[in-house]
Amino acid sequence: MASWIGMISTIQRGAKVEQTAQLVISVVTITHAALTHSAPELRRELLFELVSNEGIRIFALEDSDVVDPPPDNPLMPDIAKIVRDKLGADTQFSSSVNGIAGFWISFNIDDDKYWLMLERERLSGLTGVQWLGWASVVGVLSLLGAALISSLVNLPLARLTAAARDIAQGKRPAPLPEKGSKEIIEANRSFNQMVEDLQQVESDRAVILAGISHDLRTPLARMQLELEMANLGTEAREGMQSDIAQMDAIIGQFLDYAKPTEAATFVPIDISGLLEDAARAAERIPGMKVNTDIDQDLLVNGNATDLRRVVNNLIENARRYGQTPGAGVTEIDIACHIKPTGAGKRVAIEVQDHGAGVPEDQIEQLLKPFTRMDSARGQANGAGLGLAIVERVVSRHNAELHVSNREGGGLRIEILMPLAE
């Protein structure tokens, strides 16, 4: 902008000086010729026409005139030089004569001297306000152009940042477009390849986990059969049966975690009925108290088996770790309502206990596989996959999972699922 203003000022200076000087010379020359060649009786009418139509006034130059210096304009010295070269070295300039402001220039008709006054507006260049206006326009256009260019440059980086954030949250982002500059293409191609590699590693891990878990079922079944046939005492038999049952439950968790959830199997499900069935089953467990607040006939798209596994895992997790302090029972609240969100109406499923809750800085750790809180480390009947399975199934159902502490104590888990069309 500074260069542009300087360039325009330099270019305008020469053109403005020449234009103004030629205007003054032309006006004086034409006025001089008109007054010289007009009949004396018509000069008054001519002067009136010059004043009314052209803004030109003619006054006799007197020695007693109060003459102010020429206009304080950086172009004035150059204008005066050109005019004096044409009209004579004795030509005078003034910004005010006898208190009347204007652009005054003297000329001679024979031995008589006169003042010719022009309106200043005809000789003014760009004012400070006009310069400021043009500078503002150019500044706004420059900022808009810079914003457009910046957005085009930053858009690929914003896409890459969002995709990296999805990866950090355990989601699989859409492939990044491999177009643009060479560096952007290479970065997006490398990122897409990394996502494919991570997906393959995840798939291989699930296959290995499922295979190992499945293979372990055979020796466990054989051990159970041998235990039934062995001549053992009641206490020893029950202890070994309990250990085998715990191992079988852990293997079941591995299989549930590794099992894929295909969107092709999704059908409209009466989530209200599913939650009520799970609540009735939980009430039959000794030491459990279940409170329900479930709206009727709410439908979601999903896999009924997987969603039932999610609800059962949440109830089992609350039963194990959410016992109400001092009550000797585990109290669970199960609710299901329609909830408006920024993405539209969602079915909000809430399962919360009245236990001690989880420290705020450890809530995010709950959803990671094989993670167990300190209160659960002494128990050997789980692998730390309960909530990881819940998070895995919920994400594959295009739903949201929120974990927080309940007001008054306990853990609150909310699942937001889209309504079935």
Side-chain angles (χ1 to χ4, degrees), residues 249 252-253 256 261 266-341 345-358 363 366-367 373 375-376 379 381-382 385-420:
Q253 281 193 333
D256 289 341
T261 302
F266 290 178
V267 295
I269 297 171
D270 181 7
I271 193 66
S272 301
L274 188 150
L275 290 172
E276 289 176 346
D277 292 343
R280 285 192 291 269
E283 285 180 335
R284 292 194 290 268
I285 301 175
M288 292 283 289
K289 179 182 178 181
V290 181
N291 306 313
T292 59
D293 182 13
I294 301 172
D295 292 346
Q296 298 300 309
D297 302 325
L298 297 181
L299 300 180
V300 298
N301 282 324
N303 183 292
T305 302
D306 290 334
L307 292 179
R308 187 173 288 108
R309 181 183 300 117
V310 165
V311 176
N312 290 338
N313 279 1
L314 294 179
I315 293 175
E316 180 64 16
N317 190 75
R319 185 189 69 81
R320 290 180 179 179
Y321 314 119
Q323 187 176 36
T324 305
V329 298
T330 301
E331 185 176 356
I332 302 176
D333 300 331
I334 300 177
C336 184
H337 305 287
I338 297 292
K339 182 177 181 179
T341 67
K345 291 184 177 180
R346 294 289 186 266
V347 175
I349 303 169
E350 291 184 6
V351 178
Q352 52 187 2
D353 59 62
H354 294 241
V358 177
I363 287 180
L366 289 175
L367 302 180
M373 297 293 101
S375 61
Q379 305 183 36
N381 55 358
L385 284 174
L387 290 181
I389 293 172
V390 170
E391 194 275 336
R392 194 180 183 89
V393 174
V394 166
S395 64
R396 290 175 176 175
H397 278 75
N398 194 28
E400 300 177 22
L401 178 66
H402 302 288
V403 181
S404 60
N405 282 316
R406 170 183 170 273
E407 294 184 7
L411 191 66
R412 174 181 177 271
I413 297 178
E414 180 185 50
I415 300 173
L416 299 177
M417 300 191 66
L419 282 164

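Bear in mind the structure is a predicted one, so any value in this text is a computation, not a measurement.
Every side-chain contact (heavy atoms from CB on, under 4.5 Å) that L419 has, sequence neighbours left out, goes to I338, K345, V347. The salt bridge (charged side-chain N to carboxylate O under 4.0 Å, His left out) check on D277 picks up R280, with sequence neighbours excluded. For K289, the salt bridge (charged side-chain N to carboxylate O under 4.0 Å, His left out) criterion is met by no residue, not counting sequence neighbours. Applying the side-chain contact (heavy atoms from CB on, under 4.5 Å) rule to E414 yields the partners K339, A348, E350, H402, R412, L416; only residues at least two apart in sequence or on another chain are considered. Not a single salt bridge (charged side-chain N to carboxylate O under 4.0 Å, His left out) links E331 to another residue, sequence neighbours left out. Take A356 and apply the side-chain contact (heavy atoms from CB on, under 4.5 Å) test, not counting sequence neighbours, and it matches no residue.
Around CD of Q296, the count of heavy atoms belonging to other residues, nucleotides or ligands within 6.0 Å exceeds 12.
Residues C336 and I271 come closest through the heavy atom pair SG-CG2, 4.1 Å. Considering every non-hydrogen atom in both D353 and G410, the closest pair reads OD1-CA, 3.2 Å. Taking both residues in full, the closest heavy atoms of I315 and M288 are given as CG2-CE, 3.9 Å, listed atom of the first, atom of the second, then distance. Across all their heavy atoms, L307 and G302 have their closest contact at CD1-CA, 4.4 Å. Across all non-hydrogen atoms, the minimal contact from N405 to G357 is OD1-CA, 3.6 Å. The two atoms that bring A304 and I269 nearest to each other are N-CD1, 3.2 Å, heavy atoms only.
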Does the side chain to side chain contact (heavy atoms under 4.5 Å, CB included) test come out yes or no for D333 and D293, once each step is laid out?
CA-CA 8 Å; D333 300 331; D293 182 13; over 6 Å; no
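With rounding to the nearest 0.5 Å, the separation of CD1 in I349 from CG in L298 is 9.0 Å. S272 OG to I294 CD1: the interatomic distance, rounded to the nearest 0.5 Å, is 7.0 Å. Atoms CG and CZ, from L411 and R406 in turn, are 11.0 Å apart once rounded to the nearest 0.5 Å. Between the CG atom of N317 and the CD1 atom of I332 there is a distance of 9.5 Å, given to the nearest 0.5 Å. With rounding to the nearest 0.5 Å, the separation of CD1 in I334 from CG in L275 is 6.5 Å. The distance from atom CZ of R320 to atom OG1 of T330, rounded to the nearest 0.5 Å, is 12.0 Å.
Here the side chains of N301 and P268 are in contact, with some heavy-atom distance below 4.5 Å.
Counting only N and O atoms by type, the side chains of H397 and N303 include no donor and acceptor under 3.5 Å apart.
The only option from V310, D306, N312 that meets the side chain to side chain contact (heavy atoms under 4.5 Å, CB included) definition with R308 turns out to be N312.
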